[in-house]
There are 2 protein chains.
Amino acid sequence: MSLRHALLGVLTARPMNGYSLARFFAGSQNWVWSAPQSQIYGALKTMETSGLIDASREEGQNGLETKVYSLTDEGVAELTRWVSTSHAPAPTRDAFALQALYFDSIPAADARAVLEGYIRSQAQQLEEWERHRDALANLDTPLLQERLKSRPKGEHRRISRLKAHVFEGQILQAKARIDWAERALVLVGDAEGEDDEG
Amino acid sequence: MSLRHALLGVLTARPMNGYSLARFFAGSQNWVWSAPQSQIYGALKTMETSGLIDASREEGQNGLETKVYSLTDEGVAELTRWVSTSHAPAPTRDAFALQALYFDSIPAADARAVLEGYIRSQAQQLEEWERHRDALANLDTPLLQERLKSRPKGEHRRISRLKAHVFEGQILQAKARIDWAERALVLVGDAEGEDDEG
DNA sequence: CAATGCATGTAAGGGGTTACATGATTCT
DNA sequence: AGAATCATGTAACCCCTTACATGCATTG
C-alpha cells in the first residue's frame, strides 16, 4: 500500500530512474521504508499506468538509455491527499516481542544471547538513524538539497527540522527498545541456572 | 513466517480449536501478533501436515464437533528452536513516519489533525497494553492460568514477570511515540499560517 | 422466528521475498 | 579478460486482507 507513497515522496525531490530508486530503497538501513529492487520496477509500471507518474527516456550516467520517472499533477495530489489523511494503525505484528514472550521456556543463557543480539542490532540501527538525523539537520543529504531547490529559503530550516524530527522518533523508539532489552536481561538473568521444562 | 510460531506459542498454554484461536488473534488489540480468521485455518492445516500440531475431534461448547489442535513434540521443538535463535530484524516499514516526512508540504492544520489522531490511537493502544500487563502481573489472564498449571509454583512469579515485561516494552514504545508526536505538534504548529506549495 | 454465537472453511487479489535473466559500460 | 556498476525486468512463492459461504445451536 505505502510503497507507492514512498516512491511518490522520493520523486517529489527530483525525477529518478528505477535503478536509483531501487538503490535508495534496497536494504535501506537508514530510511523509514525499504523494498527490494524487484518490487520497485513493478510498482513504477503500475503507477505509470494509473497516471501517478510519467516516464521519459533519457540518457543515464553512462550514455545508457534509462527511464526517468517524474510526478504528474495527479501523483502530487495523491501524495498530498494521503499525507493529509488519518490512517488506522497497522495491526500489531512484533516478531521479537513474540519471541520474548517465551523466554521463560528456554535456558536463561540462550535468552540472554538472543537479547544481546537484539541490543546489538538495535544499537547499530540507532547509530545509522542518528547519522541520518544529523545529516538532515545540517541540510547535508543529496536528496534534501535537491528538494530544497524548489522551496523558498525561508522554509529550509523548518523543513529540515521536521524531517530530522521524524528520524528523532525512530531514535527514541530504538532507545526505548534497547532500555527495555537491558532490563529484560536482568529479569532473565535473575533465575540463573533455571532450565528448560520445569 | 511468525504466525506459525505465534500459534505454537498459544497452543503451549492449552490445546484449542481454530475458532478460539481465531478469536484470540482477530483484531487482537492487546497482543503482539494479530491475524484474521481466514489465515488461522489455513495455517493450522499446513502446520498439521508438517507435523507441528495434531488434530483430535472433540465436542465443542455446544455439543458441536470441533477440531482441537495440540502441539506435537516436533512442534514444541520448533518453537523452542525459534525462540532460542537470533533473527535479523524485519526491514523498516513505518507508514506513519513516512507520512510525517511530508508534513512540511501540507497545511499545518491538516498535519496537526493527523498527529492528533495518531496520538489518540496510540493512547488507546497504550491503555489496552497497560491493562494486559497488569493482568499478567496479577496472574489474571485465562491463558496464563492454564499455562501455569503445567509449571512448578516456584516459577510462577518469574514467568508472569517476564510476560508482563514484554508488554511493558510495548507500553514504553507507545509512550515514546506519543511524546514524539506531541513534540511534532509543536514543530508543525510553529509555522502557523504556512501553507501548501511554497 | 430472527439474531447472535459457535464452528470451519474457500476465493480473489495485493504485497513482499528470493532468485533468476539479460545486456551494456567502466574499472582493474 | 574479468569484475563491478548501471540498468531493466520476470517468475515462483509465501503472507496477508477482504469477502464470501455454510451449517448448527442458543437466546430473545
Side-chain angles (χ1 to χ4, degrees), chain A residues 1-8 15-28 31-50 52-53 55-69 82 87-95 98, chain B residues 1-8 15-28 31-50 52-53 55-69 82 87-95 98:
Chain A
M1 280 207 166
S2 305
L3 174 57
R4 288 176 210 183
H5 298 109
L7 286 164
L8 289 175
M16 286 171 82
N17 62 19
Y19 185 74
S20 309
L21 289 164
R23 265 183 318 179
F24 188 88
F25 282 93
S28 209
W31 212 53
V32 296
W33 201 269
S34 88
Q37 178 257 39
S38 67
Q39 226 189 330
I40 307 289
Y41 286 102
L44 289 171
K45 191 182 270 183
T46 64
M47 286 165 76
E48 193 192 355
T49 304
S50 57
L52 298 172
I53 55 179
S56 69
R57 300 204 154 267
E58 285 180 29
E59 247 188 51
Q61 234 159 309
N62 307 319
L64 288 179
E65 189 174 66
T66 82
K67 276 194 213 169
V68 174
Y69 292 97
W82 181 75
H87 305 285
T92 310
R93 219 164 276 126
D94 184 334
L98 180 63
Chain B
M1 280 209 168
S2 305
L3 174 58
R4 287 173 211 184
H5 299 109
L7 287 164
L8 289 175
M16 286 170 80
N17 62 20
Y19 186 74
S20 308
L21 288 164
R23 265 184 317 179
F24 188 87
F25 282 93
S28 210
W31 212 54
V32 295
W33 202 270
S34 88
Q37 177 258 37
S38 67
Q39 228 190 326
I40 306 290
Y41 287 102
L44 288 171
K45 192 182 269 184
T46 66
M47 286 165 76
E48 193 192 356
T49 304
S50 57
L52 298 172
I53 54 178
S56 68
R57 301 205 153 266
E58 287 179 30
E59 247 187 53
Q61 233 159 308
N62 305 320
L64 287 180
E65 190 174 65
T66 83
K67 275 195 214 170
V68 175
Y69 291 97
W82 181 76
H87 305 285
T92 312
R93 217 165 278 124
D94 184 334
L98 180 64

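In what follows, every chain begins at residue 1, and chains take the letters A, B, ... in the order their sequences are listed. What you are looking at is a predicted structure, and each value in this text was computed from that prediction instead of being measured.
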Visitor: Who pairs with A:Arg4 by side-chain contact (heavy atoms from CB on, under 4.5 Å), at least two apart in sequence or on another chain?
Guide: A:Met47

Visitor: Would you mind reading off the distance between B:Met16 atom CE and C:dA7 atom C1', rounded to a whole angstrom?
Guide: 13 Å

Visitor: Would you kindly give the NE2-to-P distance between B:His5 and D:dC15, to the nearest whole Å?
Guide: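 Computing the B:His5:NE2 to D:dC15:P distance gives 11 Å.
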
Visitor: Respond yes when some side-chain nitrogen or oxygen of B:Arg23 is under 4.0 Å from OP1 or OP2 of C:dA7, and no when none is.
Guide: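 Negative; the distance criterion is not met.
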
Visitor: By nearest atom, which of the nucleotides D:dT8, C:dT8, C:dC6 is closest to the B:Asn17 side chain?
Guide: C:dT8

Visitor: Once you round it to whole Å, what is the distance between P of C:dG15 and CG of A:Leu44?
Guide: 14 Å

Visitor: Do the side-chain N or O atoms of B:Tyr19 get closer than 4.0 angstrom to the phosphate oxygens (OP1, OP2) of C:dC6?
Guide: yes

Visitor: If you only use heavy atoms from C-beta on, which nucleotide in D:dC6, C:dG9, C:dA7 is closest to the side chain of B:Thr66?
Guide: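 Closest nucleotide among those given: C:dA7.
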
Visitor: Looking at side-chain heavy atoms only, is the closest gap between A:Leu8 and A:Ile53 below 4.5 Å?
Guide: yes

Visitor: Grab the CZ-P distance between B:Phe25 and D:dC15 for me, whole Å please.
Guide: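 It works out to 14 Å between those atoms.
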
Visitor: Could you tell me which residues satisfy side chain to side chain donor-acceptor pair (under 3.5 Å) with A:Glu58, sequence neighbours excluded, listed by chain and number?
Guide: A:Ser56

Visitor: Tell me which of B:Gly42 and B:Ser20 sits closer to the 5' end of DNA chain C, going by the nucleotide each one is nearest to.
Guide: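 Closest to the 5' end, via its nearest nucleotide, is B:Ser20.
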
Visitor: Which residues pass the side chain to side chain donor-acceptor pair (under 3.5 Å) test with B:Ser20, sequence neighbours left out?
Guide: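 Checked B:Ser20 against side chain to side chain donor-acceptor pair (under 3.5 Å); matches are B:Asn17.
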
Visitor: What residues, two or more places apart in sequence or in another chain, satisfy side-chain contact (heavy atoms from CB on, under 4.5 Å) together with B:Ser2?
Guide: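 Listed in chain order: A:Ala95, A:Leu98, B:Trp33, B:Trp82.
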
Visitor: State whether B:Lys45 places a side-chain N or O below 4.0 Å from either non-bridging phosphate oxygen (OP1 or OP2) of C:dT8.
Guide: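 False: B:Lys45 side-chain N/O out of range (4.0 Å or more) of C:dT8 OP1/OP2.
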
Visitor: What's the CG-P distance between B:Leu7 and D:dC16, to the nearest Å?
Guide: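 That distance rounds to 10 Å.
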
Visitor: Given D:dC15, is OP1 or OP2 found less than 4.0 Å from the side-chain N or O atoms of B:Arg4?
Guide: yes

Visitor: Rounded to whole angstrom units, what separation is found between the CE atom of B:Met1 and the C1' atom of C:dG16?
Guide: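 Spelled out: CE on B:Met1 to C1' on C:dG16 is 11 Å.
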
Visitor: Contact between A:Val68 and A:Pro15 at the side-chain level, heavy atoms closer than 4.5 Å - yes or no?
Guide: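 They are in contact (side-chain heavy atoms under 4.5 Å apart), so the answer is yes.
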
Visitor: Mind running side-chain contact (heavy atoms from CB on, under 4.5 Å) on B:Leu3 and B:Gln39 for me, showing each step along the way?
Guide: CA-CA 9 Å; B:Leu3 174 58; B:Gln39 228 190 326; 3.5 Å; yes

Visitor: Quick one: pull up CH2 in B:Trp31 and CZ in A:Arg93 and give me the separation to the nearest 0.5 Å.
Guide: 12.5 Å

Visitor: With each end axis built from five pairs of C1' atoms, what bend angle do you get for the helix from C:dC1-D:dG28 to C:dT28-D:dA1? Round to 10°.
Guide: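 Rounded value for the end-axis angle: 20°.
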
Visitor: Please confirm whether the backbone N or O of A:Glu65 pairs with a side-chain atom of A:Arg57, one donor and one acceptor, at under 3.5 Å?
Guide: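 Side chain of A:Arg57 to backbone of A:Glu65, a donor-acceptor pair under 3.5 Å: no, none is there.
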
Visitor: Within the 4.5 Å heavy-atom criterion, are A:Glu48 and A:Tyr69 side-chain neighbours or not?
Guide: yes

Visitor: To the nearest Å, how far apart are B:Ile40 CD1 and C:dC6 P?
Guide: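 Result: 16 Å.
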
Visitor: Polar atoms only, N or O, under 3.5 Å: list the protein pairs with nucleotides 17-23 of chain C and their distances.
Guide:
residue	atom	partner	partner atom	Å
C:dT17	OP1	B:Arg93	NH2	3.0
C:dT17	OP2	B:Arg93	NH2	3.2
C:dT18	O4	A:Ser38	OG	2.5

Visitor: Could you tell me how far apart B:Met47 (CE) and C:dT8 (P) are, to the nearest whole angstrom?
Guide: 15 Å

